[in-house]
Structures are given as C-alpha cells and as structure tokens.
Protein chains: 2
Amino acid sequence: MSRVEAATALILEVFRLNGALLAAGDALTRDLGLTSARWQVLGAVALAGRPLTVAGAARAMGLTRQAVRRLVTELAADGFVALAPNPDHRRAALVVLTEDGQRAYAAAQERQAAWAARVTEGCEPASLRDSTTLLRCLRAALERDEESGAPETGS
Amino acid sequence: MSRVEAATALILEVFRLNGALLAAGDALTRDLGLTSARWQVLGAVALAGRPLTVAGAARAMGLTRQAVRRLVTELAADGFVALAPNPDHRRAALVVLTEDGQRAYAAAQERQAAWAARVTEGCEPASLRDSTTLLRCLRAALERDEESGAPETGS
DNA sequence: GCTCAATCGACAACATGTTGTCAATAAACC
DNA sequence: GGTTTATTGACAACATGTTGTCGATTGAGC
C-alpha cells in the first residue's frame, strides 16, 4: 500500500470517526439539555479563565462568530449562559456561565472522562499520543498547502 | 498524560482535522463544479461497479438516504449523474455517472492523489497505517459502546 | 479632534447533515 | 393469492456550520 493509498484510507477513517464522535457526544449530553456543539461553547467559556465575548469564544474554538452567536443565543434562552454588560465595549456583551451552565458542563465533563476511559480500554496511551501527533502534523501540512496556493490555478 | 487525557486530545484533533479536510476537499474540486460531498457521491457511484439506487449509495457511504437524495438531485441538475429506470423497482431509479460526471470524478481523483502525496511528504506510510488502525479500532469501540450503553433512548 | 480601518453583533442565504412522516412499491409470509 | 412488513423516494423541520452584508462601536493614525 503506497503512501497515497495509506493517506486516503486515513482520511476516510477521519470522516467516519468524526461523525461517530459527534453522535456519541450528543448521546452523552442529551439529557443534560446539551449537544456536542453547545457543550463545546460551554467549554470554551468555562476554560477561558475570564469572560469572553461571542467573537472571542469563536476565536478560541476555531469557529466563526456567527455559528457561536446562534449557539450562545440558544444557550442563553435555556439558561446555561448569561450575557453580562462589557465595560470595554458597549455592544460586545460578555458570555458567562450561569449556575445551571456550570452544573451541566461539570456533569458532561465527568461523563466524557468515564466514556473516554471505556472506549479506549484496549488502547496504549503511547499509540493515542502518536496518532494525535500524526494528525496534528497532517493538519499543519494541509493548512500550509492551502496557503501556498490553489493548485488548480497553478497547474 | 493519562489515557483519558490522551484520548481527549486525539478526539479534539480529529474534529479539527475533519474540518480542515473538508475545506481542502472543497478547494480541490471547486472549479470542477464539485464539493467534498458531491465528490463523495460520485465516488460511491463510480466505485460500486454496478448502478446504485439512492438508498444503496447512502448505505455505501454511511450517510442517510435523504442527504444523498438531495446531493443526487443537485448532481443530476448539473449533469454529473443521470437517473436511469430500474427494471427491478419502479420507484427506485438507478444513479449512473454521465460522461461529465466521469470526467469530473477522474479529475478530482488525480488532484487528490497529488494533494495527498504533497501533504504526507514527511510521513512514514507505516505511521499512516498505524493511525488508521487505531482510529478504526476506536470507532468500533465507540459504536459498541453506543449500542450497549444508551438505555435512555430505549426505555 | 477627526477620519478611517478593524472589530463586533445581527441578519440573510446557503451547504450539509440529521430525524420524522408519508405514500408507493416490493418482498415475505401464511 | 391476499395480507403484512420492509424498503424507497419525497417532503418538512431542524441542527450545525459557512459566507456575505450591514450598521454600530472602538481604536489608531494624522
């Protein structure tokens, strides 16, 4: 199997695993009133150490402002986060976790740890780390390749 | 770093890589009139060896009928595929590649090979295979876990 | 102090996937 | 052969992400 074939197989597996992971995250948090996406927003706010604006949370997550904005609106309607006035910016309110939000996030985190322990039972930690390193390296190469020019124009 | 922490890091990297790969696939095929999703449908039809119905293509790709149906409708409107009558089933038409569709798929495949060779330049084929195996094993464990441990949906 | 570029939140349109529902068709069972 | 069950395509509603655009606000440069 050539390098290209091996890479193609890995890419297809990443797609499948991504779908399976999102489904698992949804199932894991459904009865908390969360989803994978909502959980991710709560995590960004909880782990930031300081209140974030919507745009700041989006940067922290690698998503767009707009995607985060919609999730924050929903989370605020459900009482998981609140929007506090920002002394530094009149329009850009600060997103903070409510008590409900903190509870839900902590519960989700606990479940995720138990779940991760369960599904990686047969895996060597070193293998997990090696794969993470490879995927990270691959993504870095991929982003470099995107920047360095669209190949369809060049060739 | 514990096994759970290593697993969490790997999961987050899978999410990021998935997004980067989709963006790369879109960029790679944009001027052919394709996207990552359309390309995938063409691939399923091209590699099946025989004409597929929409539902059959969906099964082959691990997606839902409805997602594939919409893509097939668009691809047919753009002349990449055609719907041929199915002698075995009056309603379930067969999806076949048109000449345009074959050309576009072949072009996309060529580009993907060049692209994969480029971005995996520094990777050992054995590492790529090892990671693929690990991700596949992880997904299998994850799907087993979902089946056994999601009683809140069943009850 | 005034202008102007950058940033921010809001809204709209779209892409891609999901689930739920429905009627038509095919297949299986008795 | 007739009834039941499973599959299929269609449609609708929703979840999650994107890009584009707009006006408001901030801050930097002159």
Side-chain angles (χ1 to χ4, degrees), chain A residues 15-27 29-30 33-42 44 51-78 81 83-95 146, chain B residues 15-27 29-30 33-42 44 51-78 81 83-95 146 150 153:
Chain A
F15 287 151
R16 292 197 204 94
L17 182 57
N18 180 76
L21 284 172
L22 286 180
D26 286 347
T29 56
R30 184 172 303 132
L34 297 181
T35 63
S36 290
R38 288 175 161 214
W39 177 16
Q40 192 189 6
V41 173
L42 292 190
L52 290 176
T53 63
V54 166
R59 273 193 301 271
M61 290 188 290
L63 292 181
T64 56
R65 279 191 341 262
Q66 290 76 357
V68 177
R69 187 188 75 87
R70 185 172 39 71
L71 288 166
V72 165
T73 302
E74 290 178 8
L75 285 169
D78 287 356
V81 303
L83 295 173
N86 185 349
D88 294 338
H89 197 304
R90 198 178 306 171
R91 292 189 72 207
L94 295 172
V95 182
E146 293 245 325
Chain B
F15 288 151
R16 292 197 205 93
L17 182 57
N18 180 75
L21 285 172
L22 285 179
D26 286 348
T29 56
R30 183 171 303 131
L34 297 181
T35 63
S36 291
R38 289 175 161 215
W39 179 16
Q40 192 189 6
V41 173
L42 292 190
L52 289 177
T53 63
V54 166
R59 273 192 301 270
M61 290 188 289
L63 293 180
T64 56
R65 283 192 336 266
Q66 291 77 355
V68 177
R69 188 188 73 87
R70 185 173 39 70
L71 289 166
V72 165
T73 303
E74 291 176 10
L75 285 169
D78 289 355
V81 302
L83 294 174
N86 184 349
D88 294 337
H89 197 304
R90 198 180 304 170
R91 290 188 73 205
L94 295 172
V95 182
E146 293 245 325
T153 30

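Chain naming here is simple, since letters A, B, ... match the order of the sequence lines and numbering starts at 1 in each.
Applying the side-chain contact (heavy atoms from CB on, under 4.5 Å) rule to Ala37(B) yields the partners Thr35(B), Leu71(B); only residues at least two apart in sequence or on another chain are considered. In this view, Asp78(B) and Arg38(B) satisfy the side-chain hydrogen bond (donor to acceptor under 3.5 Å, both in side chains) rule, not counting sequence neighbours. Not counting sequence neighbours, the partners of Leu52(A) by the side-chain contact (heavy atoms from CB on, under 4.5 Å) test are Ala48(A), Arg50(A), Ala57(A). With sequence neighbours excluded, the residues that form a side-chain contact (heavy atoms from CB on, under 4.5 Å) with Gln40(A) are Met61(A), Leu63(A). Contacts of Ala93(A) classified as side-chain contact (heavy atoms from CB on, under 4.5 Å), with partners at least two apart in sequence or in another chain: Leu83(A).
Separating the CG atom in Asn18(A) from the CG atom in Asn18(B) is a distance of 3.5 Å, to the nearest 0.5 Å.
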How does protein reach along nucleotides 4-10 of chain C, written 5' to 3' as B (base within reach of a heavy atom under 4.0 Å), S (only sugar-phosphate), or - (no contact)?
----BBB
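Contacts classified as salt bridge (Lys or Arg N to Asp or Glu O under 4.0 Å) and involving residues 15-26 of chain B (residues at least two apart or in different chains) are given here: Glu13(B)-Arg16(B). Applying the salt bridge (Lys or Arg N to Asp or Glu O under 4.0 Å) test to pairs two or more places apart or on separate chains, those with a residue in residues 54-71 of chain A are Arg70(A)-Glu74(A).
The nucleotide range of DNA chain D contacted by chain A, defined by atoms under 4.0 angstrom from heavy atoms of the protein and reported 5' to 3', is dT16(D) to dT26(D).
The minimum heavy-atom distance linking Pro87(A) with Leu94(A) is given by the pair CD-CD1, 4.4 Å.
At the heavy-atom level, Leu22(B) lies nowhere under 4.0 Å from the strands shown.
With respect to Val95(B), the side chain to side chain contact (heavy atoms under 4.5 Å, CB included) criterion is satisfied by exactly one of Val72(B), Val68(B), Leu42(B), Thr53(B): Val72(B).
Base pairing in DNA chain D gives the following stems of 3 or more Watson-Crick or G-U pairs, range against range and under 3.5 Å: C:1-30 with D:1-30.
Contacts between residues 35-42 of chain A and DNA chain D, defined by a heavy-atom separation under 4.0 Å, are made by Thr35(A), Ala37(A).
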